Amino acid sequence: MEEAQVVESKDGTISVASAFAGHHEAVQDRDHKFLSKAVEEAYHGVECGDGGPFGAVVVRNDEIVVGCHNKVLKDTDPTAHAEVTAIREACKKLGKIELDDCEIYASCEPCPMCFGAIHLSRIKRLVYGAKAEAAIAIGFDDFIADALRGTGFYQKAHLEIKQADGNGAIIAEQIFEKTKEKFQMY
C-alpha cells in the first residue's frame, strides 16, 4: 500500500492524498449528492416564501438527519438561517447538543453566525457550495466580520458596539465565577 502524501495548494491549504486511488472521486461524489440536497432545500425555501435562497443538510453515517432552508421570513426571526435551523432540528432529533459525529452541507458559505453555530455544535465537517460573494451580489449583507470592523461597505445595519462601563461589566462577569461549579463541561 502506498503512503499518503501531503499536498499544498496555491492558496496555502493542505490536504492529504489518499493511497486509495478512487477515494477522492468517491468523496467528491458523496459531497455532490448531499450538497445537491442542500441546494434543493434552498430552492424549496424560496418557492414557499419562507426566506432567502439558502439550504443546509446535516448528515450522519451517510444518512441525512435533517434538511432545512432559510426561514427568516416565515418565522420572523433573523437567526433562522438554514444552517442554524438545521443544527437546531438535528440536535432535537438526535437528543444531544454536540453533533461531533455529523457533517453539514450548506448551499452557500456560512455567515459568521452560522459558522459560530457549526463550531459550537462540534460538527466535524462543513462542505459549502457558493461563496458568500454570490449572496452579497444580490443584496444579502451577512459579512458580520466587516460590520464589527466597521469596513462593511454594503452593510444595511449600523451598530454601535461597546462593553458596559463600571458595575455593569463587573456584575456580568461575576455570573461566571458564581456558577462555574454547575458547568463542568470539559
Side-chain angles (χ1 to χ4, degrees), residues 7-16 24-60 62-75 77-91 97-159 161:
V7 179
E8 186 169 352
S9 70
K10 289 179 185 175
D11 67 356
T13 58
I14 296 174
S15 61
V16 178
H24 179 72
E25 290 80 14
V27 169
Q28 196 171 19
D29 289 347
R30 181 180 175 280
D31 286 351
H32 179 76
K33 176 177 101 174
F34 292 126
L35 188 56
S36 293
K37 294 294 188 186
V39 171
E40 286 176 24
E41 280 289 340
Y43 276 114
H44 177 66
V46 171
E47 289 168 8
C48 65
D50 286 353
F54 304 96
V57 294
V58 174
V59 174
R60 184 172 78 164
D62 287 332
E63 297 287 330
I64 294 176
V65 176
V66 295
C68 295
H69 54 266
N70 182 292
K71 294 183 178 180
V72 168
L73 299 176
K74 178 183 181 203
D75 294 350
D77 178 357
T79 69
H81 290 198
E83 299 92 334
V84 171
T85 302
I87 289 167
R88 288 174 180 159
E89 290 189 19
C91 287
I97 62 170
E98 290 190 359
L99 302 174
D100 55 353
D101 57 348
C102 296
E103 301 166 277
I104 192 165
Y105 290 80
S107 63
C108 186
E109 180 179 4
C111 74
M113 177 187 70
C114 291
F115 182 78
I118 291 165
H119 175 75
L120 290 172
S121 69
R122 308 292 191 247
I123 286 176
K124 67 180 179 179
R125 185 167 184 259
L126 159 66
V127 177
Y128 67 88
K131 289 192 169 214
E133 286 78 8
I136 291 167
I138 66 166
F140 289 91
D141 69 339
D142 287 340
F143 266 24
I144 297 168
D146 283 343
L148 293 174
R149 291 190 302 265
T151 58
F153 183 75
Y154 296 106
Q155 293 293 318
K156 296 174 191 165
H158 299 285
L159 170 69
I161 301 171

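As the structure is a computational prediction, the values presented were derived from the model and not from experiment.
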Are Pro53 and Ile138 close enough that some pair of their side-chain heavy atoms sits under 4.5 Å apart?
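Yes, close enough: below the 4.5 Å cut-off.
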Find the distance between [atom1] ([X]) and [atom2] ([Y]) and round it off to the nearest 0.5 Å.
X: Glu98; Y: Leu120; atom1: CD; atom2: CG; result: 10.0 Å
X: Asp100; Y: Arg60; atom1: CG; atom2: CZ; result: 10.0 Å
X: Ser121; Y: Ile97; atom1: OG; atom2: CD1; result: 10.0 Å
X: Leu35; Y: Glu40; atom1: CG; atom2: CD; result: 10.5 Å
X: Ile87; Y: Glu89; atom1: CD1; atom2: CD; result: 11.5 Å
X: Arg122; Y: Cys102; atom1: CZ; atom2: SG; result: 14.0 Å

What is the minimum heavy-atom distance between [X] and [Y], and which atoms define it?
X: Gly55; Y: Ala42; result: N-CB, 3.5 Å
X: Ala38; Y: Ser107; result: CB-N, 3.9 Å
X: Val58; Y: Ala90; result: CG1-CB, 4.0 Å
X: Ala106; Y: Leu126; result: CB-CD1, 4.5 Å
X: Gly67; Y: Val57; result: CA-CG1, 3.7 Å
X: Lys131; Y: Cys108; result: O-SG, 3.7 Å

Considering only residues two or more places apart or on different chains, which pairs with a residue in residues 102-131 satisfy ring-ring contact (aromatic ring centres under 6.0 Å, His included)?
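Only Phe34-Tyr105 qualify under ring-ring contact (aromatic ring centres under 6.0 Å, His included).
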Mind checking salt bridge (charged side-chain N to carboxylate O under 4.0 Å, His left out) for Arg125 and listing every partner two or more places apart, or none if nothing turns up?
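Testing Arg125 for salt bridge (charged side-chain N to carboxylate O under 4.0 Å, His left out), a comparison that skips the adjacent residues, returns Asp31, Glu103.
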Any pair counted as side-chain hydrogen bond (donor to acceptor under 3.5 Å, both in side chains), so long as it reaches residues 62-72, sequence neighbours left out
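Only Arg30-Asp62, Glu41-His69, Asp50-His69 qualify under side-chain hydrogen bond (donor to acceptor under 3.5 Å, both in side chains).
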Quick one: does any side-chain atom of Glu109 pair with a main-chain N or O of Ala132 as donor and acceptor, under 3.5 Å?
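Confirmed, Glu109 side chain pairs with Ala132 backbone.
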Run the side chain to side chain contact (heavy atoms under 4.5 Å, CB included) check on Val59 and Lys33 step by step: do they pass?
CA-CA 11 Å; Val59 174; Lys33 176 177 101 174; over 6 Å; no
